[in-house]
Amino acid sequence: QVQLVESGGGSVQAGGSLRLSCAAPGTTVSPNCMAWFRQGPGKAREGVAGTDRSGFSIYAASVKGRFTISRDKAKNTLYLQMNMLKPEDTGMYYCASGFKYAVSCVSVSGMDYWGKGTLVNISS
């Protein structure tokens, strides 16, 4: 069983920044994909950014140029730097990992394990 623990959420004004972290304590096998998803009020869960073992990263169009995903393999930790935040970025942010290959690292179905989420609230 893989445990994922998110942190770094909070409330900021539009235009501000937040950095999310996702720790995977006790992980012995490195997953292929690690990714961030979010779920806004009344919306479906969507992929925000994902990265695979080769270092390839993929972003949702709505966050490209504002968010940066990074992965510290030695620490089994995933990060999401979020800049120029907008009210529409509000939601619960989830870290996920997947061991499948030949899948998109921002697809819900491609993930095997999920964290419990950290709440991000952006005010206008």
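Hydrogens, waters and symmetry mates play no part in the numbers below; they use all other heavy atoms, side chains included. Just so it is clear, the structure is predicted and the values come from calculations on it, not from any experiment.
- Here Ser7 pairs with nothing under the side chain to side chain donor-acceptor pair (under 3.5 Å) rule; sequence neighbours left out.
- Expressed to the nearest 0.5 Å, how far CG of Asp52 lies from SG of Cys105 amounts to 5.0 Å.
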Return a table of donor-acceptor pairs under 3.5 angstrom between the side chains of residues 90-103 and protein atoms on other chains or two or more places apart.
unit_1: Thr90; atom_1: OG1; unit_2: Pro87; atom_2: O; d: 2.9
unit_1: Thr90; atom_1: OG1; unit_2: Ile122; atom_2: N; d: 2.9
unit_1: Thr90; atom_1: OG1; unit_2: Ile122; atom_2: O; d: 3.4
unit_1: Tyr93; atom_1: OH; unit_2: Arg38; atom_2: NH1; d: 2.9
unit_1: Tyr93; atom_1: OH; unit_2: Asp89; atom_2: O; d: 2.6
unit_1: Lys100; atom_1: NZ; unit_2: Asp112; atom_2: OD1; d: 2.6
unit_1: Tyr101; atom_1: OH; unit_2: Arg53; atom_2: NH1; d: 3.4

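- Contact detail for Met111 and Cys33: the closest heavy-atom pair is CE-CB, 3.7 Å.
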Using atom types as modelled, flag every donor-acceptor pair under 3.5 Å from a side chain in residues 14-24 to any protein atom, sequence neighbours excluded.
unit_1: Ser17; atom_1: OG; unit_2: Asn83; atom_2: OD1; d: 2.9

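- In this view, Ser123 and Gln13 satisfy the side chain to side chain contact (heavy atoms under 4.5 Å, CB included) rule, not counting sequence neighbours.
- Linking Ile, Leu, Val, Met, Phe, Trp and Tyr whenever their side-chain heavy atoms come within less than 4.5 Å puts Val120 and Leu4 in one cluster.
- Under a cut-off of 6.0 angstrom, the local environment of NZ in Lys116 is sparse, with at most 12 non-hydrogen atoms contributed by other residues, nucleotides or ligands.
- Residues Val48 and Met82 are not in side-chain contact: their nearest non-hydrogen atoms beyond the backbone lie 4.5 Å or more apart.
- Side-chain contact between Thr68 and Tyr59 is present, with heavy atoms from C-beta onward closer than 4.5 Å.
- Residues passing the side chain to side chain donor-acceptor pair (under 3.5 Å) test with Ser104: none are found, sequence neighbours excluded.
- A chain of hydrophobic side-chain contacts below 4.5 Å, direct or via other Ile, Leu, Val, Met, Phe, Trp or Tyr residues, connects Val12 to Leu80.
- In terms of heavy atoms, Ser57 sits closest to Thr51 at OG-OG1, 3.3 Å.
- Here the shortest heavy-atom pairing between Asp72 and Tyr79 reads CB-CE1, 4.1 Å.
- A centroid separation of 6.0 Å or more is found between the aromatic rings of Trp36 and Phe67.
- Residues Leu78 and Val63 are members of one and the same hydrophobic cluster, defined by side-chain heavy-atom contacts under 4.5 angstrom among Ile, Leu, Val, Met, Phe, Trp and Tyr.
- With sequence neighbours excluded, no residue forms a side chain to side chain donor-acceptor pair (under 3.5 Å) with Ser124.
- Residues Gly117 and Glu6 share a closest heavy-atom pair of N-OE1, 2.9 Å.
- Contact annotation: the side chain of Ile69 never approaches that of Met34 to less than 4.5 Å [non-hydrogen atoms, C-beta and beyond].
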